[in-house]
Amino acid sequence: MTDLAFRPAEARGGDAPTERSMGGLFRLALPLYLVLLLAAAYVGVANQALRARQVGLIADKTNLLASVARAELRAAAVEGPLAVAEWAESAGMVPLPQGHVVAVAAPEPAPTFAVPEPELELRTVWR
């Protein structure tokens, strides 16, 4: 065996870290931990604020969807020109004074046409 194993670290050529550099690393650990802890706390607060905003928007959406459904039910009662005229008079609208008798042009609902079914179509160009 050589004397090298029994020499201090400084005498062996500095292959082991010195006390000064190790103290510097440990001195930075606490501030780094506190900065990371504050950053994580900030991210958590921002996340909770965004979640509360999303919950409020979802509640607003639910209320709006319910009001649209109620409006659709009220609108479904009105169909055809005669029903529209009766609704307008009941809502307080004044009919335009006319000198002759008015004939309703379309007393029945408008005809419905079948919507064509979608098809898969393939076109090729030969050269």
Side-chain angles (χ1 to χ4, degrees):
M1 288 198 146
T2 64
D3 261 349
L4 192 59
F6 298 107
R7 288 191 202 161
E10 291 84 16
R12 282 186 273 163
D15 56 346
T18 63
E19 291 179 19
R20 184 175 209 170
S21 65
M22 290 299 288
L25 290 176
F26 285 120
R27 229 180 291 150
L28 291 176
L30 182 62
L32 181 63
Y33 173 75
L34 291 175
V35 167
L36 290 175
L37 185 66
L38 289 174
Y42 176 74
V43 168
V45 168
N47 186 25
Q48 290 299 315
L50 289 173
R51 182 181 180 279
R53 183 171 180 242
Q54 181 184 11
V55 167
L57 289 174
I58 289 173
D60 291 345
K61 178 185 174 185
T62 304
N63 291 337
L64 288 173
L65 287 174
S67 68
V68 166
R70 287 190 300 269
E72 286 176 349
L73 286 176
R74 288 192 308 264
V78 179
E79 73 180 54
L82 292 176
V84 171
E86 291 172 5
W87 172 81
E89 287 179 11
S90 67
M93 297 182 187
V94 179
L96 182 65
Q98 296 178 357
H100 54 17
V101 176
V102 177
V104 178
E108 297 178 3
T112 57
F113 299 102
V115 178
E117 292 292 323
E119 298 177 358
L120 179 62
E121 195 172 297
L122 179 65
R123 295 182 186 203
T124 59
V125 176
W126 296 93
R127 295 182 185 202

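Rounding to the nearest 0.5 Å gives a distance of 6.5 Å between CG of Leu34 and CG of Leu38. Here the OG1 atom belonging to Thr62 is positioned 10.5 Å from the CG atom belonging to Leu57, to the nearest 0.5 angstrom.
Residues Leu65 and Lys61 have side chains in contact (heavy-atom distance under 4.5 Å, counting atoms from C-beta outward).
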- Steps toward side-chain contact (heavy atoms from CB on, under 4.5 Å) verdict (Leu50, Gln54): CA-CA 6 Å; Leu50 289 173; Gln54 181 184 11; over 6 Å; no

